[in-house]
K.L.:
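The following block contains the structure, expressed as structure tokens.
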There are 2 protein chains.
Amino acid sequence: MADISRPSASPGASPLFLREDEIRRGVELLYFGYTRLTNAIDQELAKQGLGRAHHRALYFIARQPDLTVGELLRLLAITKQSLGRVLKELHDRDLVVTKTGPLDRRQKLLRLTDSGGTLEAELFAQLRERLSAAYVTAGQESVTGFWHVLEGLVPESDRQMVFDLRKDKV
Amino acid sequence: MADISRPSASPGASPLFLREDEIRRGVELLYFGYTRLTNAIDQELAKQGLGRAHHRALYFIARQPDLTVGELLRLLAITKQSLGRVLKELHDRDLVVTKTGPLDRRQKLLRLTDSGGTLEAELFAQLRERLSAAYVTAGQESVTGFWHVLEGLVPESDRQMVFDLRKDKV
DNA sequence: GAGATATGTCAGCCATGTTGACGTATCTTG
DNA sequence: CAAGATACGTCAACATGGCTGACATATCTC
């Protein structure tokens with residue numbers, strides 16, 4: 001992997017120059033990859049009169065049913081006022097229901113309704129389509145590399161939270 | 001699409017289920033990786049009273065000096081009215097200058113001023129710090145995998161434009 | 001019973017995107 | 001050369017989704 005470089009430039013090829021180009025390549029690909037992936041669902045969302053903020057909430061609730069409001073706040077890293085607006089709309093459209101926490105009655109556990117689940121599945125299908133095409137083209141080995149680099153971008157303090165999404169809730 | 005859902009049902013772990021989990025893992029890591037990386041520069045930007053929109057413009061102008069307004073519009077995929085506001089602010093603060101295109105006098109070529117370049121370099125340093133830490137942890141092989149997957153996420157129609165960022169302008 | 005915590009909500013502000021309409025300079029082409 | 005296309009700028013109005021600050025309620029913990 002020596003040849004990530006841009007050879008034609010300095011023949012001595014200072015490591016600093018190579019490094020900058022590698023970093024910029026990552027920044028750009030991350031930007032375009034992320035924005036183009038999210039674009040994939042905008043049309044579907046617009047049909048429902050919803051925005052990306054709604055999708056993020058739907059996504060995480062689908063991912064971890066019975067998530068509490070507080071946990072969702074930590075995942076999204078926004079204020080409760082902002083989230084409140086979104087959750088209220090999802091609730092008004094019967095996409096999300098809440099129930100009182102069984103252990104701590106102050107908590108509200110979030111869950112998708114049937115129609116909420118259907119909508120999330122439709123949106124997810126778009127993401128799946130794009131991402132699996134990219135996975136297939138790149139190959140399995142690249143996919144694990146992709147994951148490793150991204151994991152390294154998540155600050156230590158958030159990492160456990162992200163990993164926990166893959167566990168079933170108790 | 002009902003069958004993809006999460007099957008505590010199938011203990012045999014259908015390939016379909018694994019696929020969903022791989023896709024969700026990618027979606028989440030991309031979300032957290034991207035947002036946390038961009039968070040890295042928010043504080044620096046806030047000091048200057050600038051926002052992310054300004055940074056995106058600065059970044060691409062730094063990346064490809066003498067970029068035209070039209071090229072920048074295509075990269076950012078926003079309306080000229082939105083970009084106009086941002087460029088005006090950057091110009092008012094003496095971070096960006098324009099000159100008339102030498103071949104086509106309708107065009108305006110964008111370039112950073114000295115102070116614009118300094119600011120962009122400071123912001124880039126933050127990105128470099130985060131990304132290179134992630135690169136080092138993941139290893140060079142992972143980095144190329146990371147690039148490959150992301151390239152696959154960029155639609156065919158945009159890919160050339162993205163690759164051209166790595167070329168010097170004529 | 002006092003204080004901390006989880007949640008909700010009112011009110012207003014800001015950044016950054018959108019559409020639609022229109023103006024000017026310059027290039028291209030019949 | 002005249003007519004139309006193109007590159008850029010700008011006015012006005014509006015939507016989305018963040019933010020701060022302040023305050024209320026229910027519930028848990030000590």
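Proteins come first, then strands; the chains are lettered A, B, ... in the order of their sequence lines, and each starts at number 1.
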K.L.:
In whole angstroms, how far is the P atom of D:dG18 from the CD atom of A:Glu89?
P.N.:
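In whole Å, D:dG18 P lies 11 Å from A:Glu89 CD.
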
K.L.:
Please state how far atom CG in B:Leu110 lies from atom C1' in D:dA7, giving the value in whole angstrom units.
P.N.:
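Rounding to the nearest Å, CG of B:Leu110 and C1' of D:dA7 are 12 Å apart.
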
K.L.:
Closest-nucleotide mapping onto DNA chain C: is A:Arg106 or A:Leu87 further toward the 5' terminus? I mean the 5' end.
P.N.:
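Checking each residue's closest nucleotide, the 5'-ward one belongs to A:Arg106.
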
K.L.:
Does the pair B:Arg74/B:Asp158 count as a salt bridge with the N-to-O cut at 4.0 Å?
P.N.:
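No salt bridge links B:Arg74 with B:Asp158.
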
K.L.:
From the options C:dC27, D:dC8, C:dT7, select the nucleotide whose nearest atom is closest to the side chain of B:Lys80.
P.N.:
D:dC8

K.L.:
Under 4.0 angstrom, heavy atoms only, what part of the nucleic acid is B:Gly70 near: base, sugar-phosphate, or nothing?
P.N.:
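Sugar-phosphate contact only - B:Gly70 comes under 4.0 Å of backbone atoms but never of a base.
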
K.L.:
Using side chain to side chain donor-acceptor pair (under 3.5 Å) as the criterion, point out the one residue from B:Arg52, B:Gln126, B:Arg130 that pairs with B:Asn39.
P.N.:
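Of all the options given, the one that passes is B:Arg52.
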
K.L.:
Salt-bridged, A:Arg19 to A:Glu22, with N to O below 4.0 Å?
P.N.:
yes

K.L.:
Look at the aromatic rings of A:Phe32 and B:Phe60 and report parallel, tilted or perpendicular, splitting at 30° and 60°.
P.N.:
tilted

K.L.:
Quickly work out the A:Leu109 CG to C:dT7 C1' distance and round it to whole Å.
P.N.:
12 Å

K.L.:
Is the shortest distance from a Lys or Arg side-chain nitrogen in A:Asp21 or B:Arg166 to a carboxylate oxygen in the other one below 4.0 Å?
P.N.:
no

K.L.:
Roughly, in whole Å, what's the span from CG in A:Leu83 to P in C:dT9?
P.N.:
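Rounded to the whole Å, the gap is 12 Å.
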
K.L.:
Have a look at A:Gly51 and say if it touches a base, only the backbone sugar-phosphate, or nothing, with a 4.0 Å heavy-atom cut-off.
P.N.:
sugar-phosphate

K.L.:
D:dC19 phosphate, OP1 or OP2: any side-chain N/O from A:Arg85 under 4.0 angstrom?
P.N.:
no

K.L.:
In whole Å, I'd like the distance from the CG atom of B:Leu103 to the C1' atom of D:dC8.
P.N.:
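Going from B:Leu103 (CG) to D:dC8 (C1'), I get 17 Å.
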
K.L.:
Just the rounded figure in Å: distance from P of C:dA6 to CG of A:Leu72.
P.N.:
15 Å

K.L.:
For B:Leu90 and C:dA15, give me the distance from atom CG to atom P, rounded to whole Å.
P.N.:
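From B:Leu90 CG to C:dA15 P: 14 Å.
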
K.L.:
Among C:dT19, D:dT27, D:dG17, which is the nearest nucleotide to the side chain of B:Thr79?
P.N.:
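Looking only at side-chain atoms, B:Thr79 lies closest to C:dT19.
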
K.L.:
Can you check whether any acceptor in the base of D:dG21 is under 3.5 Å from a donor in the side chain of A:Gln81, or vice versa?
P.N.:
yes

K.L.:
Of the listed nucleotides (D:dT27, D:dG18, C:dT16), which one gets closest to any side-chain atom of A:Arg105?
P.N.:
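Nearest listed nucleotide: D:dT27.
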
K.L.:
Distance criterion of 3.5 Å, no angle test: do you see the side chain of B:Arg52 paired donor-to-acceptor with the base of D:dG18?
P.N.:
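Not at all, since no donor on one side and acceptor on the other fall under 3.5 Å apart.
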
K.L.:
If you compare every side-chain N and O of B:Ser82 against the phosphate oxygens of C:dT18 (OP1, OP2), does one of them come in below 4.0 Å?
P.N.:
yes

K.L.:
Over all strands shown, is B:Lys88 touching base, sugar-phosphate only, or nothing at heavy-atom distances under 4.0 angstrom?
P.N.:
nothing

K.L.:
Between atom CG in A:Asp92 and atom P in C:dG8, what is the gap in whole Å?
P.N.:
13 Å

K.L.:
Hey, does the side chain of A:Lys108 come within less than 4.0 Å of D:dA26's phosphate (OP1/OP2), counting only N and O?
P.N.:
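Answer no for this pair, as no side-chain N or O of A:Lys108 is under 4.0 Å from OP1 or OP2.
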
K.L.:
Is A:His54 close enough to D:dT16 that one of its side-chain N or O atoms is under 4.0 Å from OP1 or OP2 there?
P.N.:
no

